[in-house]
Trainee: 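The structure is given below, and queries will be raised subsequently.
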Amino acid sequence: MNDNKDAERALSLIFRFKDCMRRYKAQTEDRGKKFVILGSLREYEARNGRPVTVSEIARISGLAMPNVSRLLKPFEKEGLIRRDRAGRTVSVILTPEGDAALAAQRDLFEQDIASALGMLGEEERSRYLACSEKILSFFESKLENLTAGETGC
């Protein structure tokens, strides 16, 4: 087994997945922006047990606070998110309309993923998911060590 060749192959697959997802999202009405942003907000909340704050979005994304606020404004105007202030902390929360918009796109995307996974046998699917989770966990752990406690990629 050649570890370098396997690493090159894995890296190629990651880049191909990323490019494929970008092109896949580009086929949607808003180029996938709603799905990505709303999905990221929901995923953060599920993993951390609380909504993300504007300052966390800025820190994780590397964007300045005014830019984060500017990017969130259209979602707020559409009624997809709301901002809740508690002292100096501003949390970003999906509204029921945001949940509905996310669910609609998520259902379509999940159907496509289910079709792709359906090409695998039950054991292959189980191994693929377990291995993917293990690899992602490795990178999340490495990132967490580098960024002093931020979670997720």
Trainee: Taking side chain to side chain contact (heavy atoms under 4.5 Å, CB included) as the criterion, tell me which of L13, L11, D19 meets it with F15.
Mentor: L11

Trainee: Test of understanding: with side-chain hydrogen bond (donor to acceptor under 3.5 Å, both in side chains), list the residues that count as partners of E123, not counting sequence neighbours.
Mentor: R127

Trainee: Measure the spacing between CG of L38 and CG of D99 and express it to the nearest 0.5 Å.
Mentor: 8.5 Å

Trainee: Is I113 reachable from L129 through a run of hydrophobic residues whose side-chain heavy atoms are each under 4.5 Å from the next?
Mentor: yes

Trainee: Shared ILVMFWY cluster between V92 and M65, side chains joined below 4.5 angstrom?
Mentor: yes

Trainee: On a heavy-atom basis, which atom in R83 and which in V90 lie closest, and how many Å separate them?
Mentor: CB-CG1, 3.7 Å

Trainee: Are more than 12 heavy atoms, taken from residues, nucleotides or ligands other than R9, located less than 6.0 Å from that residue's CZ atom?
Mentor: no

Trainee: Distance from E78 atom CD to E97 atom CD, nearest 0.5 Å?
Mentor: 11.0 Å

Trainee: If only atom types and distance count, is the side chain of S126 paired as donor or acceptor with the main-chain N or O of E122 below 3.5 Å?
Mentor: no

Trainee: For T53 and R50, work out which heavy atoms get closest and say how close.
Mentor: CG2-NH1, 4.4 Å

Trainee: When you group the ILVMFWY residues by side-chain heavy-atom contacts below 4.5 Å and let the links chain together, are Y128 and F109 in the same group?
Mentor: yes

Trainee: To the closest 0.5 Å, what do you measure between CD1 (I93) and CD (E76)?
Mentor: 11.0 Å

Trainee: Got a second to check how far T95's OG1 is from L102's CG, nearest 0.5 Å?
Mentor: 10.5 Å

Trainee: If you round to the nearest 0.5 Å, how far is NZ of K5 from CG of D3?
Mentor: 12.5 Å

Trainee: Using the rule that two of Ile, Leu, Val, Met, Phe, Trp, Tyr join whenever any of their side-chain heavy atoms come within less than 4.5 Å, decide whether I37 and L71 are in one cluster.
Mentor: yes

Trainee: For E43, give me all partners under side chain to side chain contact (heavy atoms under 4.5 Å, CB included), at least two apart in sequence or on another chain.
Mentor: R47

Trainee: According to a 4.5 Å side-chain heavy-atom criterion applied to Ile, Leu, Val, Met, Phe, Trp and Tyr, with indirect links allowed, do F138 and I135 form part of one hydrophobic cluster?
Mentor: yes

Trainee: Nearest 0.5 Å please: distance from the SG atom of C131 over to the CD atom of E133.
Mentor: 9.5 Å

Trainee: Is it true that, when you exclude R88 itself, more than 12 heavy atoms of the residues, nucleotides or ligands shown sit nearer than 6.0 Å to its CZ?
Mentor: no

Trainee: Determine, stepwise, if the pair L41 / E45 fulfils side chain to side chain contact (heavy atoms under 4.5 Å, CB included).
Mentor: CA-CA 6 Å; L41 294 173; E45 187 174 318; over 6 Å; no

